[in-house]
Amino acid sequence: MGALRWHRRQYHELPPMPPEYDHQAIEAKWQRRWEETGLNRPELGAAPRPYFNLMMFPYPSAEGLHVGNMYAFTGADTHGRFQRMQGLDVFEPIGFDAFGIHSENFALQVNRHPTELVAANIRNFRRQLHRLGAQFDWSRTVETTDPDYYRWTQWLFVTLWKGGLAYRARRNVKWCPRDLTVLADEQVMADGTCERCGAAVVERELEQWFLRTSNYTERLLGNLDHLDWSESTKLLQRHWIGRSEGALLDFPIDGAAPLRVFTTRADTVFGATFMVVAPDHSRTLELASGDRRAEVAKFVAEAARRRIAGIRESEGSTSGIALGRNARHPLTGDELPIYAAEYVLSGYGEGAIMAVPAHDSRDHAFALAHGLKVVPVVSGDSGPGPHMGRGTLINSRDFDGLAAPDPARELIVAAISERGLGHPKVTYRLRDWGISRQRYWGPPIPAIHCPVDGAVPVPEDQLPVLLPYIEDFRPLGTGESPLSRDPGFLHTTCPVCGGPALRETDVSDTFLDSSWYHLRYPSTDCQDAAFDPTLTRKWLPVATYIGGNEHAVLHLLYSRFVAMALHDLGYLEFEEPFTRFRAHGMIIKDGAKMSKSRGNVVVPDEYLDRFGADAFRLYLMAMGPFSEGGDFRDTGINGPYRFLVQVFRLAERVGEVAEPAELAVVRHRCIQKVSEDSPQLKYNTAIAELMKYAKRLRDHGGTIPKVSLETLALLLSPYCPHAAEELWERLGGTYSVHQQPWPQADPELLREDEVVVVVSVDGKKRDQVTVPRGTASEELERLALSSARVANFLHGRQVGRVVVVPDKQVNLVLGR
RNA sequence: GCCAGCAUGGCGGAAUGGCAGACGCGGCGGUCUCAAAAACCGUUGAGCGCAAGCUCGUGUGGGUUCGACUCCCACUGCUGGCACCA
């Protein structure tokens, strides 16, 4: 509200545009000119130095483009423009990620059909994006909802399927009771709520399509070491993949198959006093002894009910039940009672554990609650409770005295493995990617279910399987997609036997759409393949990808998986799609994330109207380090705006005069700083330098040499493309400023002949002397000691030591 | 609970072993104006002082160093990620 009021006031009270800088006319003029001359449409087939500058395509919401999008795109575009002036042929495409639950939910809410709604949203997004003045190649856009695009998303699925990387399985999956669909693990937030709508997620057993991301865990993890990506992003992926080294151990059971467990602490095996299986472990009921079976079944059913209802047991739950059956310790032969308990999860490791209450807090809590033995096997005092740290093995027979966990861990696994009861094993958190969605707004999964031949892929020449227009697209909630309502869609014939068959009615996850869009951009004109091999070889992998870390484990991981899979299947020569990735920060407002509920969303249109795209871009980039984001303030944009007006005022003072030496020096320093900071995305400090330079020119009396402003136009062009172009034209430069070579700083002019050396006493600055660069240490020391000001601070004491840092500082250390 | 990142004027931030606060916002004072806005000029970390200047100051406490916003240890707070993961 405050922002709005402020804005209204500005609108009405401000005088018309300053005559020097009519941003509306300038921006319209150049956007038209760029479009007419095809400035931003590289010859994809012929470009000698291809540079694919990618940014994350937006989801076209009904609210329109928000500042966060603008921020990301401006930063990425600035990078692309800078690279272009380094002589590279920059391809900078944009598109729209328009399928998905988000669009569909909104359509349901406002009671309109997503087909028309999304088309309108995309139109609005295109309009807003044009205003930004980015060097987008508008002749090669991608819309995931376009059959020409999702035909190839379906092709991708069929290709993965034929390559053995897609399968169908009945499995417990995350189900959102509000969106009435399955979610990928990655779409469930840490608190167990749906990423899209915030409802508590429950579990449900459904027949689903999965992609075998788990085949690639080792490579997805290992390749990270060599990727030039933001460390923060790589760390998030490493955690998500969750590699854990341990061992599989078999605990024999009399009269039954042994119970297999996963452990990372085999060194504590002598401290195992009981076993625990997950309630929904496949053998829980089998292992329950006859007289316990009914009770165990009841417990298992209750646990299942709790899980299905989405009740998350508080951590440290000790609910569990004895199965009335024992396993044998693989090394001691001791009898260990087996329990079923909710704190053991079926989805991780083997869904069963050896419990070592002396050295694991969860086992400890369970042992206390159920009166079970606690046997310490690792020495070391950590007070009451389990000791989880390092120590020395005790109560471990032949292994006593070994350091734990290492090397005891390895030696004990070896001993167990000699008896054929275990072996080392690496476990991962990452599981297969469930892609089925029981919703309407997505590409139909191209599969046909035939009573004779089972599930068969739709033949490639029959793609796309068009998403039918159905009036009532509300989700059913039965585990089936609304597409099952459409008999014309549902009934088909089997491509194998020609008999009657049913189509798959689920649609695929939006992240499948975005997992390969970068492959499509150079090939948008390609009608007979998802991507043209020649263009792909030329333009991919992506040179630089800039985007938010919110997609670190979703989009970015899936895209890597898809590239690897296509590589293995012979479709791509590379296996990592993004050579360089940089995560940008987030824009906040009033110290908080922008959100509709907080009412602190910034609508860019008003700022673009009033201050223009260039000032807006400049403000966003000046706000702080691009990697950190920044805090949006309504008044902040005044500075960059004034700066641009100032620059145009300077242009009116340009004349044919020689450049004085002092201006040459500041000009080359500015070139140096901006050239250094820009490629590192340190835009804020580059802009500060540009402002400093403009101020210096302003303070220069008289006529300003043309070259001073020409350089400014060049350095400014990645940041303020329209203003720089206009300035360049007024200075008589040839079109376009964006095709000019980047200026080079002359090292001769950067060299400073005189330096200021600080004289300090005990580390406190007391005086300074200006001396020629490279003045000898002895001379500096002499100058420092003879300083009259320094004498006042000696307080009669002797100078003990003198530390001289040439060209910087002399520190006089007083003796005592 | 675990793993990252961050903490500097009224505000956004700069400086990553050598002059803390670049650049910008905002504030204050002035010029112009009948007046206001815009623009321009000056000023703006805190305290003391008529002044020259001095003292203090980068979340907290310790340490290393001639010298620490910067490096190390411990803590506090915020942001993000993960979380009965065996």
Side-chain angles (χ1 to χ4, degrees), chain A residues 10 12-16 18 189-192 231-232 235-240 242 244 246 261-265 268 276 278 312-318 341-345 347-356 359-363 365-366 427-429 549-550 552-553 585-586 588 591-593 618-619 622-625 627-640 642-643 645-646 649 682 684-692 695 698 756-768 789 792-793 800-814:
Chain A
Q10 298 295 309
H12 294 133
E13 293 178 10
L14 286 182
M189 306 304 283
D191 61 354
E231 279 305 320
S232 57
L235 198 68
L236 289 170
Q237 288 211 354
R238 286 196 185 100
H239 284 328
W240 188 262
S244 169
V261 304
F262 174 73
T263 180
T264 54
R265 289 298 303 274
T268 64
V276 187
R312 288 170 73 86
E313 280 293 318
S314 58
E315 274 186 41
S317 151
T318 55
E342 286 182 274
Y343 82 91
V344 171
L345 309 176
Y348 185 77
E350 293 294 311
I353 61 157
M354 66 172 197
V356 184
H359 306 291
D360 181 284
S361 57
R362 298 152 301 179
D363 298 345
F366 191 82
T427 294
Y428 298 91
R429 205 180 96 94
N549 253 345
E550 66 273 19
V553 292
M586 211 179 19
I588 56 172
K593 223 181 210 175
L618 201 60
Y619 172 55
M623 219 155 43
S627 59
E628 305 298 318
D631 199 343
F632 194 95
R633 293 177 70 84
D634 293 314
T635 52
I637 193 172
N638 287 333
R642 280 176 204 147
F643 163 76
V645 174
Q646 193 59 244
R649 240 169 242 168
K682 284 154 83 177
N684 54 332
T685 48
I687 291 168
E689 189 67 23
L690 288 168
M691 289 178 165
K692 222 151 76 175
K695 197 150 70 168
R698 194 191 59 194
V756 174
V757 171
V758 169
V759 180
S760 46
V761 177
D762 279 340
K764 285 194 165 79
K765 181 193 170 181
R766 296 305 180 188
D767 198 3
Q768 61 181 45
R789 290 176 47 80
N792 294 332
F793 292 93
R801 214 179 129 189
V802 181
V803 180
V804 181
V805 184
D807 296 335
K808 285 194 173 149
Q809 195 174 50
V810 179
N811 192 16
L812 307 175
V813 186
L814 297 186

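Any value given below was found using the heavy atoms of this structure, including those in side chains, with hydrogens, waters and symmetry copies removed. A note on names: the letters A, B, ... follow the listed sequences, proteins ahead of strands, and every chain is numbered from 1.
A:Arg698 has a side-chain polar atom (N or O) that falls below the 4.0 Å cut-off from OP1 or OP2 of B:rC41. Using a 4.0 Å cut-off, some side-chain N or O of A:Asn638 falls inside it from OP1 or OP2 of B:rG26. Here A:Arg642 does not reach the OP1 or OP2 of B:rG24: none of its side-chain N or O atoms lies under 4.0 Å away.
Each of A:Phe262 and A:Lys764 was matched to the nucleotide of RNA chain B holding its nearest heavy atom; the match closer to the 5' end belongs to A:Lys764. Nearest-nucleotide mapping onto RNA chain B: of A:Gly639 and A:Ala352, the residue sitting toward the 5' end is A:Gly639.
Within the shown strands, B:rG53 is the pairing partner of B:rC48 under the Watson-Crick or G-U definition, both distances less than 3.5 Å. Across the strands present, B:rA14 finds no partner; the criterion is a Watson-Crick or G-U wobble pair with both atom distances under 3.5 angstrom. Under the Watson-Crick or G-U wobble criterion, with both distances below 3.5 Å, B:rG61 is paired with B:rC73. The partner of B:rG42, taking Watson-Crick or G-U wobble pairs whose two distances both stay under 3.5 Å, is B:rC28. The pairing partner recorded for B:rG1 is B:rC82, the criterion being a Watson-Crick or G-U wobble arrangement whose two distances lie under 3.5 angstrom.
Spacing of P atoms, B:rG47 relative to B:rC11, comes out at 15 Å, to the nearest Å. Separation of the P atoms belonging to B:rG9 and B:rA22 is 13 Å when rounded to the nearest angstrom. Here, B:rG49 and B:rC66 have their P atoms 38 Å apart, quoted to the whole Å. Straight-line distance between the P atoms of B:rG21 and B:rC75: roughly 33 Å, to the nearest whole Å. Atom name C1', nucleotides B:rU16 and B:rC69: the rounded distance is 8 Å, in whole Å. Comparing the same atom, P, in B:rG5 and in B:rG53 gives a spacing of 43 Å after rounding to whole Å. Distance check on atom P: B:rA37 versus B:rC48 gives 32 Å, rounded to whole Å. For the P atoms, the distance linking B:rU58 with B:rG42 amounts to 31 Å, nearest Å.
Note on A:Leu235: only backbone sugar-phosphate atoms sit closer than 4.0 angstrom, heavy atoms only; bases stay farther off. Counting non-hydrogen atoms under 4.0 angstrom, A:Gln646 reaches the backbone sugars and phosphates but no base. Using a 4.0 Å heavy-atom distance criterion, A:Leu236 is classed as a sugar-phosphate-only contact. Among the atoms of the strands shown, base atoms are found under 4.0 Å from some heavy atom of A:Val344.
Between A:Leu812 and A:Val810, some side-chain heavy-atom pair lies under the 4.5 Å cut-off. Side chains of A:Val759 and A:Arg766 form no contact here, defined as non-hydrogen atoms less than 4.5 Å apart. With contacts defined as side-chain heavy-atom distances shorter than 4.5 Å, the pair A:Asn549/A:Leu236 qualifies. Between A:Met691 and A:Ile687, some side-chain heavy-atom pair lies under the 4.5 Å cut-off. Contact annotation: the side chain of A:Tyr619 approaches that of A:Arg633 to within less than 4.5 Å [non-hydrogen atoms, C-beta and beyond].
The side chain of A:Arg649 has B:rC40 as its nearest neighbour among B:rC85, B:rC40, B:rU55.
Not counting sequence neighbours, A:Gln646 has no partner by the side-chain hydrogen bond (donor to acceptor under 3.5 Å, both in side chains) test.
Base orientation of B:rG9: syn, the glycosidic angle falling within 90° of 0.
As rounded to whole Å, 13 Å separates atom C1' of B:rU79 from atom CG of A:Asn549. Distance A:Arg362 CZ to B:rC85 C1': 7 Å, rounded to the nearest Å. Distance, A:Leu345 CG to B:rA86 P: 10 Å, rounded to whole Å. Computed from coordinates, the A:Phe643 CZ to B:rC25 P distance equals 12 Å when rounded to whole Å. Atom C1' of nucleotide B:rC2 and atom CZ of A:Arg429 are separated by 13 Å, given to the nearest angstrom. Remark: C1' of B:rC84 and CD1 of A:Ile353 are 10 Å apart, rounded to the nearest angstrom. Here the C1' atom of nucleotide B:rC25 and the NZ atom of A:Lys695 are 13 Å apart, to the nearest Å. Taking atom NE2 of residue A:His239 and atom P of nucleotide B:rC85, one finds them 15 Å apart after rounding to whole Å.
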- Test side chain to side chain donor-acceptor pair (under 3.5 Å) on A:Asp363 and A:Tyr343 and set out the steps. CA-CA 9 Å; A:Asp363 298 345; A:Tyr343 82 91; 2.6 Å; yes
- Output, in order, the C-alpha distance, side-chain angles, deciding distance and verdict of side-chain contact (heavy atoms from CB on, under 4.5 Å) for A:Gln809 and A:Val803. CA-CA 8 Å; A:Gln809 195 174 50; A:Val803 180; over 6 Å; no
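A distance of 13.5 Å separates CZ in A:Arg265 from CD1 in A:Ile353, rounded to the nearest 0.5 Å. Between atom NZ of residue A:Lys682 and atom OG of residue A:Ser627 there is a gap of 9.5 Å, rounded to the nearest 0.5 Å.
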- Message: Strictly under 4.0 angstrom, non-hydrogen atoms only: write out the protein contact profile of nucleotides 6-22 of chain B, one letter per nucleotide from the 5' end, B, S or -.
- Response: -----SSSS---BB--B
